[in-house]
Amino acid sequence: MIQVYNTMEGRKVDFVPREAGKVAMYVCGPTVYNYIHLGNARPIVVFDTIRRYFKYAGYAVTYVQNFTDVDDKIINRALEEKSSAAAVAEKYIAAYFEDVQELNVLPADVHPRVTEHMPQIIALVEQLLAKGAAYAVNGDVYFAVESFADYGKLSGRDLEDMQAGARVQVGEQKRNPMDFALWKAAKPGEPSWESPWGPGRPGWHIECSVMSREYLGDGFDIHGGGADLIFPHHENEIAQAEAASGCCFARYWLHNGFITVNDEKMSKSLGNFFLLREILEKFPGDVVRFYLLNTHYRSPIDFDDEKLQIAAKSLGRIRNAYALLQELAEQPAAGAQAEASDALRQAAATLREAFAAAMDDDFNTALAIAAIFDFTKAVNTHAAQAEQAAVQEALQLLEALDEVIACIKPRQKGVDDELVGKLMDLLIAVRQQARQRKDWGTADYIRDALKDCGIALEDGAEAVRWKFVE
RNA sequence: GGCGCCAUAGCCAAGCGGUAAGGCAGAGGCCUGCAAAGCCUUUAUUCUCCAGUUCGAUUCUGGAUGGCGCCUCCA
């Protein structure tokens with residue numbers, strides 16, 4: 001039984017899908033006015049991993065992630081770049097996919113965009129007006145929070161407390177300061193769509209209510225995003241959807257913790273953010289992914305280069321074991337021993353169980369990865385003496401788990417593997433001859449020079465191994 | 001002011017009622033021409049502090065201290 005921490009209930013609960021064997025997930029995607037930063041990358045990786053685990057656990061998953069492609073920030077960006085809002089959105093959506101592919105994130109089943117759902121958005125606003133949950137003023141339409149009795153149920157606040165807050169400003173046209181825009185009248189020159197209230201565009205929150213219900217229906221299983229979306233964004237999504245339908249919007253609300261820099265939230269307004277692409281210039285995507293998954297998704301993670309270096313080192317340990325298995329899986333075992341085979345099989349069985357138990361417990365990737373480390377030790381000690389079949393089983397397990405955490409298998413280097421392999425064989429043969437002559441100078445020169453090329457040599461007892469290093 | 005989260009070794013990080021996983025770094029050893037990789041041993045009588053509940057608490061309750069977040073766009 002998978003348990004998830006449901007923000008709505010404030011505790012871990014059993015996950016029971018709306019429909020047996022199926023999971024419908026919606027994750028709030030980026031507003032595309034800039035390249036994504038590391039903080040944006042966390043929910044993308046976290047929910048990608050959750051989605052992958054549901055698949056691993058046998059569920060059929062429908063995964064929807066939107067793009068907010070019309071918004072003040074995009075309009076401003078278009079002015080800065082002397083471009084159009086649509087072109088800005090297009091540019092950063094393309095960049096998003098480039099960046100996120102490096103993290104081994106699978107595309108969603110649907111990537112809906114706000115601009116492609118105007119009729120549905122307008123229809124929902126009309127419905128809310130008809131129900132008395134909204135009101136129109138001078139081309140704007142606001143949601144009336146007082147009309148929705150459950151307002152605040154996700155974030156655990158009530159209207160009176162919030163109104164006491166010093167930072168709430170009363171909008172001139174709003175009946176209640178907490179009311180929020182469903183539709184905003186267009187200012188001259190802004191992109192706009194025709195509506196019963198005049199030309200304008202949707203408020204930020206309405207899109208997610210509309211698009212999630214459009215593709216997943218009411219009462220879908222999981223709604224995810226960063227913890228900063230709990231209020232007001234997700235609270236407002238609930239208000240809009242449930243005021244209209246009179247029903248349940250999403251069943252489980254999952255929120256990831258923040259990336260911090262010097263223990264402060266990485267955010268655009270603080271200016272302490274690092275673009276994903278900047279980080280990817282220094283570290284491979286799978287290292288970044290591994291780093292993100294090494295902490296439970298609800299805990300904060302502090303960012304600095306050194307932590308990424310440590311992640312690279314740790315991941316390397318798992319990869320060495322993985323490479324060992326690959327190598328042994330292709331070679332018939334020379335002196336296979338029953339005990340070694342049993343030990344390896346036992347370790348694999350332990351890993352399979354421990355991994356599932358960890359992930360079942362609110363997607364505890366840190367614990368799941370620890371189980372993999374335990375397994376690597378067993379691989380390193382027993383695999384060389386194990387039967388080929390046992391080795392192959394171990395390899396298959398690791399590959400199956402990598403379908404979930406998606407960072408073990410090294411990515412293609414974009415080089416001609418066959419050619420490199422032949423050249424390496426040649427260099428290694430030359431070096432071996434030097435070693436037989438005890439010409440250590442030549443042998444070390446070759447090893448050092450290869451290191452500079454990003455290739456590490458390891459002189460094993462039986463064979464020389466080589467690998468790419470980060 | 002309201003709501004909420006966190007505090008575990010040099011660093012990172014699980015555990016959350018039964019006597020402290022894992023990684024990195026460090027020390028010693030094995031292996032090696034030297035390395036690298038790997039293996040073995042070792043590194044928290046103790047989980048911010050103070051009360052309480054309990055046979056027993058890092059884990060539960062109350063309080064204190066420190067840090068962070070949301071209430072405004074934010075993942």
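Small disclaimer: the values here were computed from a predicted structure and weren't measured. Residue numbers begin at 1 in each chain, while the letters A, B, ... track the order of the sequences.
Rounded to an integer number of Å, the gap from A:Leu450 CG to B:A36 P is 17 Å. We find that CD1 of A:Ile318 is positioned 15 Å from C1' of B:A37, with the value rounded to whole Å. Atom P of nucleotide B:C34 and atom CD of A:Gln432 are separated by 15 Å, given to the nearest angstrom. Taking atom CE of A:Met178 as the reference point, atom C1' of B:C70 lies 11 Å away to the nearest angstrom. Summarising the geometry, the separation between OH on A:Tyr96 and P on B:A75 is reported as 12 Å, rounded to the nearest angstrom.
Side-chain rings of A:Tyr291 and A:Phe283 stay apart, their centers remaining 6.0 Å or farther from each other. Close placement of the A:Phe15 and A:Phe54 rings is indicated, their centers lying within 6.0 Å of each other.
Side-chain atoms of A:Arg447 come within donor-acceptor range of the base of B:A35, with a qualifying N/O pair under 3.5 Å. With hydrogens and angles left out, the side chain of A:Asp302 and the base of B:C12 share no donor-acceptor pair within 3.5 Å.
Rounding to the nearest 0.5 angstrom, the gap separating the NE2 atom in A:His37 from the CG atom in A:Leu276 is 9.5 Å.
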Bracket string, RNA chain B, 5' to 3' - pairs by Watson-Crick or G-U geometry under 3.5 Å, | interstrand:
(((((((..(((.....[...))).(((((.......))))).....(((((..]....))))))))))))....
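Nucleotides B:G17 and B:G67 place their C1' atoms 27 Å apart, quoted to the nearest Å.
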Write down the protein N/O and nucleotide N/O pairs, taken from nucleotides 18-24 of chain B, whose separation is under 3.5 Å; answer none if there are no such pairs.
from: B:G23; atom 1: O2'; to: A:Ser314; atom 2: OG; distance (Å): 2.3

Intermediate values then yes/no, side chain to side chain donor-acceptor pair (under 3.5 Å), A:Tyr322 and A:Asp402:
CA-CA 11 Å; A:Tyr322 174 74; A:Asp402 197 39; over 6 Å; no
